[in-house]
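Just the heavy atoms: all of them, side chains too, but no hydrogens, waters or symmetry mates, feed the values below. By convention in this document, chain letters (A, B, ...) are assigned in the order of the sequence lines, proteins followed by strands, and residues within each chain are numbered from 1. Bear in mind the structure is a predicted one, so any value in this text is a computation, not a measurement.
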2 protein chains.
Amino acid sequence: MAEKKLTLLLDFHSGLPIYTQIVNQIQSQLANGILKPGDQLPTVRALASELRVNFNTVARAYRILDEARIISTQQGRGTYITEIPPPEVTEKLRRESLSELTGRFIGEAFRLGFSEREVSQMVRDSLKSWKEAKNVKDEE
Amino acid sequence: MAEKKLTLLLDFHSGLPIYTQIVNQIQSQLANGILKPGDQLPTVRALASELRVNFNTVARAYRILDEARIISTQQGRGTYITEIPPPEVTEKLRRESLSELTGRFIGEAFRLGFSEREVSQMVRDSLKSWKEAKNVKDEE
DNA sequence: TGTGTATTGTACTAATTGTATCATTGTGTG
DNA sequence: CACACAATGATACAATTAGTACAATACACA
């Protein structure tokens, strides 16, 4: 599955800005299931060339959709429809990210030669001081 | 135990660059004891082929890990997990570095919205799995 | 022991992608 | 008409990944 066609129809006389029309039509195609999460969109240049507009116009539309978390644009790679995972998956990803973060921390600590005891003690201390700092802040 | 499988899961649609995902997952597997010091990693070409990416992308990830002294890449030989070479530092500097490392970790975890309970639980789990992996290795 | 060959990582470059900034155009309003 | 402002275009840039050639090492085998 490379990338699908993404047929957009622009009306250059409608008064609506081009980038708005692109935004609207992509949103509507997503709503209609023509586009699905994970789908790759054409590159800004490819779509721009097909629509006979400047690629900055497409980029502007993509940026708006990106800020709305509808698509994900990645410099050097491309743009994709955002996956909208159900809550339980989100929670799973959340835990995985904590797991990765913790893993990197533990790994780095061990690499530096600290013992399990030292690490867990330092974590306790750090959590404690963090909590105290938070309490102080709450009392302000 | 020559080389192990090293199962990595890439998400080509996530915002993270491929090489970053490789770096993160190797670090995480090391931290969780899935990878251990001395283990040989797949060659850049083998891993690249398995992940269906260009081998330079793997090489870039390896170089980052190498610069962080986490792995050791040797032209013509292969790539290995570093044999925990703790830097020569004074006890004072050593404790300060652990404190700083821990502080960064805790701060980041809180910034990501994790609770104190979640963080400490995950640290316990991570330390536990490391210890288990270590025992397995000792029995070999 | 020497030598050819395969295997491994490295270096440099190119291609493809999105980003940032400013210039130009067009349109409406005083 | 003159100005303001939004939309679009032009240009240069940065990030990511891929292509190609090369160098270091290991290993088989004469």
Side-chain angles (χ1 to χ4, degrees), chain A residues 1-6 8-26 38-82, chain B residues 2-6 8-26 35 38-82:
Chain A
M1 174 199 74
E3 63 275 10
K4 68 181 57 175
K5 186 60 169 51
L6 186 62
L8 301 184
L9 287 179
L10 298 185
D11 181 353
F12 288 89
H13 302 99
S14 74
L16 277 177
I18 309 294
Y19 69 89
T20 304
Q21 296 185 42
I22 297 176
V23 167
N24 288 345
Q25 294 193 30
I26 288 180
D39 280 355
Q40 177 166 20
L41 295 176
T43 68
V44 288
R45 285 170 179 81
L47 183 54
S49 145
E50 187 183 314
L51 299 179
R52 313 298 179 95
V53 297
N54 187 275
F55 71 83
N56 280 296
T57 303
V58 176
R60 181 169 180 178
Y62 279 9
R63 186 158 50 84
I64 291 171
L65 289 165
D66 185 274
E67 283 166 358
R69 307 297 182 89
I70 291 170
I71 67 179
S72 159
T73 63
Q74 301 156 41
Q75 186 168 352
R77 296 229 273 145
T79 76
Y80 302 83
I81 304 285
T82 306
Chain B
E3 68 279 6
K4 68 180 55 175
K5 186 60 169 49
L6 186 63
L8 301 186
L9 286 180
L10 298 184
D11 180 356
F12 289 90
H13 303 330
S14 89
L16 287 176
I18 308 296
Y19 70 88
T20 303
Q21 296 184 42
I22 296 175
V23 167
N24 288 347
Q25 294 192 31
I26 287 179
L35 290 172
D39 280 356
Q40 177 166 20
L41 294 176
T43 68
V44 288
R45 284 171 178 80
L47 183 54
S49 149
E50 185 182 316
L51 299 179
R52 313 293 185 93
V53 299
N54 187 276
F55 72 84
N56 278 298
T57 302
V58 176
R60 180 169 181 178
Y62 279 10
R63 197 177 70 227
I64 291 172
L65 290 165
D66 184 271
E67 283 166 358
R69 308 297 180 85
I70 290 168
I71 66 179
S72 160
T73 59
Q74 299 158 38
Q75 185 169 347
R77 308 224 12 237
T79 303
Y80 302 84
I81 304 286
T82 306

Among [options], which is the nearest nucleotide to the side chain of [X]?
| X | options | result |
| --- | --- | --- |
| A/P17 | D/dA18, C/dG18, D/dA7 | D/dA7 |
| B/R60 | D/dA12, C/dG9, D/dT17 | D/dT17 |
| A/R45 | C/dG9, D/dT8, C/dT17 | C/dT17 |

| query | Ignoring hydrogens and angles, are the base of D/dA7 and the side chain of A/N56 linked by a donor-acceptor pair under 3.5 Å? | reply | no
| said: Is it the case that the base of C/dG9 and the side chain of B/R63 share a donor-acceptor contact (distance under 3.5 Å, atom types as modelled)? | reply: no
| field | Minimum side-chain heavy-atom gap A/I18-A/L51 below 4.5 Å | value | no
| message | If I take atom CD in residue B/Q21 and atom C1' in nucleotide D/dT16, what distance separates them, rounded to the nearest angstrom? | response | 12 Å
| message | Using the side chain to side chain contact (heavy atoms under 4.5 Å, CB included) definition, which of the options B/L16, B/L8, B/T57 pairs with B/Q21? | response | B/L16
Quick one: is [N] close enough that its OP1 or OP2 comes under 4.0 Å of any side-chain N or O from [X]?
| X | N | value |
| --- | --- | --- |
| B/T79 | C/dT8 | no |
| B/T73 | C/dT10 | yes |
| A/Y62 | C/dG18 | no |
| A/Y19 | D/dA7 | yes |
| A/T57 | D/dA7 | no |

| Bend across the helix from C/dT1-D/dA30 to C/dG30-D/dC1, to 10°, with axes taken over 5 pairs at each end? | 10°
| message | Return the OG1 to CD1 distance between B/T20 and B/I64, rounded to the nearest 0.5 Å. | response | 6.0 Å
Give every pair of a protein N or O atom and an N or O atom of nucleotides 25-28 of chain D that lie under 3.5 Å apart, one pair per line with the distance.
unit_1, atom_1, unit_2, atom_2, d
D/dA26, OP1, B/R77, NE, 2.9

